[in-house]
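A short worksheet on the structure shown next.
Whatever order the structure lists them in is the order used to number ligands and atoms, beginning at 1.
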Amino acid sequence: MFAIAQQIVSVRTQIRQAEIDFERLPGSVRLLAVSKTKPSSDIILAYLSGQRHFAESYAQEARSKQQELGAYNITWHFIGPIQSNKTKLIARHFAWVHSVDRFKIAQRLSEQRPANLPALNICLQVNISHESSKSGIALNDLPELIDAVNALPNLRLRGVMAVPAPQSDFSLQREPYRLLYKAVSELRHPNLDTFSFGMSNDLNAAIAEGSTMVRIGTSLFGTRQYS
Ligand SMILES: *Cc1c(COP(=O)(O)O)cnc(C)c1O
């Protein structure tokens with residue numbers, strides 16, 4: 001059995017150590033547990049170790065887990081590709097969406113966000129490694145999308161998310177994050193306080209370059225059968 005409780009402690013320790021090593025404020029990097037493809041029982045094990053923020057990539061799959069876990073005080077993040085026919089589900093049942101890369105999707109999320117809920121926290125996904133297969137907008141198009149999304153009433157624009165092309169070398173892992181952090185900082189936009197950077201394989205590089213939220217699946221829950 002993969003010891004989830006133990007892995008939670010180990011990843012938290014790694015985050016705290018990286019904050020020290022790269023002179024980041026203690027506690028400035030939040031751990032998101034990426035539970036896609038994993039059962040609700042795994043989420044409960046992580047929850048019992050104090051984990052409260054969970055991220056999912058498939059709206060329907062996430063919804064069934066949310067229904068099973070209704071009694072738990074979980075903050076849900078959506079990090080997967082967004083089809084138009086899923087925006088209603090996402091707008092109703094998540095606190096954060098990290099993967100917005102089109103104005104039309106942002107507009108639908110804003111229109112469909114229920115009035116009794118707080119504004120939906122949004123990160124814009126940037127295709128920082130210029131990979132044609134990946135979702136995300138080009139860095140050049142970011143300022144325009146920021147202004148457009150920022151004007152929507154039921155959303156709260158918070159920052160950017162990136163999934164760079166995989167690299168094993170530490171300095172190559174840092175490069176795309178450094179580029180995006182710099183570009184966003186130079187906009188001096190008062191609302192942008194979130195850098196959703198880093199996965200199991202590049203957590204340290206992401207923290208070195210300003211991550212405020214790391215999205216960790218494999219290191220917590222073990223390998224997945226798909227995606
Ligand atoms: C699956 C996924 C993760 C988690 O990746 P691991 O390598 O398992 O830590 C993070 N971010 C996104 C967008 C994902 O789809």
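The nearest non-hydrogen atom to atom 1 (C) of ligand 1, considering only Arg224, Arg215, Lys36, comes from Lys36.
Side-chain contact of Arg102 with Gln125: a donor-acceptor pair under 3.5 Å is absent, judged by distance alone. For the residue pair Asp169 / Gln173, no side-chain donor-acceptor distance below 3.5 Å is found, with atom types taken as modelled.
The shortest N or O to N or O distance between Val163 and ligand 1 is not below 3.5 Å. Residue-to-ligand polar distances place Thr218 within reach of ligand 1: an N/O pair is separated by less than 3.5 Å.
Hydrophobic cluster of Leu32: the remaining members, joined at side-chain heavy-atom separations below 4.5 Å, are Trp96, Met213, listed by chain and number.
In the displayed structure, Phe103 atom CZ is contacted under 6.0 Å by more than 12 heavy atoms of other residues, nucleotides or ligands.
The contact set between ligand 1 and Ser57, taken as ligand atoms under 4.0 Å from a residue heavy atom, comprises 15 (O). Short contacts between ligand 1 and Ile79, defined as distances under 4.0 Å to a heavy atom of the residue, involve ligand atoms 11 (N), 12 (C), 13 (C), 14 (C). If you number the atoms of ligand 1 from 1 as listed, the ones under 4.0 Å from a heavy atom of Ile216 come out as 9 (O).
Each of Arg92, Gln112, Lys104 was evaluated against Thr87; a single residue qualifies, Gln112, per the side-chain hydrogen bond (donor to acceptor under 3.5 Å, both in side chains) test.
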